[in-house]
Amino acid sequence: MGLDIEKLGADTIRVISAEAIQKAKSGHPGMPLGCADFAFALFNNHMRHDPSNPEWLGRDRFVLSAGHGSMLIYSLLHLFDYGLSMEELENFRQWGSLTPGHPEFGHTTGVEITTGPLGSGLASAVGMAMAAKNLAADTGLDKSGLFDPKIYAIAGDGCMMEGCTSEAASLAGHQKLDNLVCFYDDNTITIEGATSLAFSEDVKARFEAYGWRVIVCDDANDPAKVESAISTAKDSDGRPTLIIGKTKIGFGAPNKQGKSSAHGEPLGEEEVEALKKNLGWSEAPFTVPEKLKSALSAKIEDLKTAAAEWNAKLDGFLSKNPAAKEKLEARMEKRVPSDLLDRLLAAAPTDKPVATRASSGAILQEASKLVPALAGGAADLAPSTKTLVPDAGHFTPEDRAGRNFHFGVRELAMGLCGNGMALFGGMVPYTSTFFVFSDYMKPAIRLAALQKTRQIYVLTHDSFFVGEDGPTHEPIEQLAMLRSIPDMTVIRPCDAREAAHAWAVALTLDGPVALVLTRQNLPPIPEDAAGRIALAKGAYILKDADNPAAILVATGSEVPLALSAADILDGEGISARVVSMPSREIFERQDAEYRESVIPSKTDAIKVSIEAASTFGWAKFTGTGGLNIGLDHFGASAPCARLAEEYGFTPEKVAEKIRRALG
Ligand SMILES: Cc1ncc(C[n+]2csc(CCOP(=O)(O)OP(=O)(O)O)c2C)c(N)n1
Ligand SMILES: [Mg+2]
């Protein structure tokens, strides 16, 4: 088999990567040089993609889990004409360039996912693989014989060491995700030196134990061996596939290959020259050889033709299967009905005290019917977080159409899978656990916010009111943690109606939303106040007073508490306004006029925040002279009524604090 083009393509990636990193005086050359053979062969010979239509429905996905090797993907996107110019490559890592240090989804066309935190890409690839299977089966596209996208990932030693990889790989094996192919860049080098410093497990045995097929490629810098490994991997045997590729970090750089010094710094001018000499390179800097250019332009045309043929076949299938067409469109558009809010409100139990987790559960049943793209699950807590949708089936190897996902006790992998599901398309994922364990999901939530994916976190048992389980299970600082993430939206509804509003917002907002919900029952807000709910504005006046002496701002379970405290104060001639603020972030997105109308900046009234959590950040709303009622220490194990007494979360104690603050 003549593999001249493969060799030339890989060498071009090597040289351009080395040159760009040298010019930037910053970057990671070792990985692109070592993985160039695999990556080029994949793009050139195996992956279904259409550079003229980067969002082509039938495409396979490429995930660079070892995101520090970003010059690898930028080189590929340039070579395959994804619109990334050589000038952009020359501006690697510079302000305003399309070639940032690590690949960023939404920034560079052709980058399917933001990577950099090691392991996160591979774990999200598992989510993509599940989403692909689910979309195919739920729409009926699986019967077309056309739609079975593969997810290809490249992971390094660092990815292999990270715990999220173990969680996600275990899930992938269990789910028999045979559409997932991961290339492990087994170069036995990380930053500090040889992997033997800290890593001696048998990766092959480990992945086989997870239920993966493992293919060992004993020299993944040999194009023929790489070609054969990918060909085998593409041919499903019913399991996810790991190709363990023995590579040399910095392959081709004569004095640096195989050494940790090739990992994360420019090779140096001399070594770049030595690399070129070693590869027999004679082009000017940042130049793609003509021979490769013409081979690739023919290849790109072929890819376009293949995609067009596929599209025509798909159209034929869809015209004969209108239900599949309808479902596919609804899912891809993440369609919601125009009367979404009304229908969710109709499903909300408003006639008696209920926990917001329970209201959310009832609302979710309706949302699941109304929004075909909505699918998700919990990390083994669905009975508690009320996230099971009995009518929606269970996603298993036998039933890929099920929209209930069982992530097992793997919060981080669940979060990262959620990102992959959202990024794959056709899915608005929800993921769920106890609020306190959102700590285990934090890295995934941060990446979701960074990528602005539409997805929903259902986080229940949201305060010390959890009670008997004690401080390990009682969130304190988690609200502050989530609120501190840029582009994150946190909603803590106070009753079933607000919960319905919260779901309606979450299902339509382009960015992740956390729904923070109670374990304990809460009374519905008074019937006459229901019409005033303005959750879409983040905060609103629930109960007003003329010339209030105090403005009480509360969230979630503390809203009824604030109303009761206000009643006590009213009885004493101290008038109080009560503001329900389910979402600080949404409120902050409103114009100044609205914000002033709810919480005036200049007022004689004392501003009081009431929230059963850390007071961190509340002074922004209450001012330095304000009163922040919260909990700035860990909780304790006891019945929640006793904790409320001890921690001052009773109407009398709240009223007393306000009375004292007013002097
Ligand atoms: C979660 C996380 N921890 C640490 C880092 C910093 N980091 C970047 S690359 C790297 C070493 C990766 O080694 P490997 O995956 O073997 O890459 P190679 O050196 O072979 O290119 C580390 C620790 C990171 N990017 N993400
Ligand atoms: Mg390595």
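We count ligands from 1, going down the list as the structure has it; atoms in each ligand are counted the same way. Sequential numbering from 1 along the given sequence is applied to the chain's residues.
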Atoms of ligand 1 less than 4.0 Å from G158 heavy atoms? 13 (O), 14 (P), 15 (O), 16 (O)
Of all the atoms in ligand 1, which lie at a distance below 4.0 Å from a heavy atom belonging to N187? 18 (P), 20 (O)
Using heavy atoms and a 4.0 Å limit, tell me yes or no: is M161 in contact with ligand 1? no
Give the ring-plane orientation class for F395 versus F405, where under 30° counts as parallel, over 60° as perpendicular and anything between as tilted. parallel
How close do Q175 and P397 get, heavy atom to heavy atom, and via which atoms? OE1-CD, 3.4 Å
Within the structure provided, determine whether I113 and Q451 are in side-chain contact (heavy-atom separation under 4.5 Å). yes
E273/K277 salt bridge by N-O under 4.0 Å criterion: no
Under a 4.0 Å N-O cut-off, is there an ion pair linking R14 with D11? yes
Flag the pair D222 and K246 as a salt bridge only when some basic side-chain nitrogen lies within less than 4.0 angstrom of an acidic carboxylate oxygen. no
Taking the Mg ion (ligand 2) as the center, what protein N, O or S atoms are found at less than 2.8 Å? D157 OD2, N187 OD1, I189 O
Ligand 1 N/O within reach of T190 N/O, cut-off under 3.5 Å: no
Should the pair H473 and F437 be assigned to parallel (<30°), tilted (30 to 60°) or perpendicular (>60°) ring geometry? perpendicular
Give a yes or no on whether the ring-centroid distance for Y74 and Y82 is below 6.0 angstrom. no
List ligand 1 atoms under 4.0 Å from M31, heavy atoms only on the residue side. 21 (O)
Report yes or no: does H28 have a heavy atom closer than 4.0 Å to ligand 1? no
Would G30 count as a contact residue for ligand 1, given that I'm defining contact as a non-hydrogen atom of the residue lying under 4.0 Å from a ligand atom? no
Would you call A66 a ligand 1 contact, heavy-atom distance under 4.0 Å? no
Would a search of protein heavy atoms around atom 6 (C) of ligand 1 find one under 4.0 Å away? no
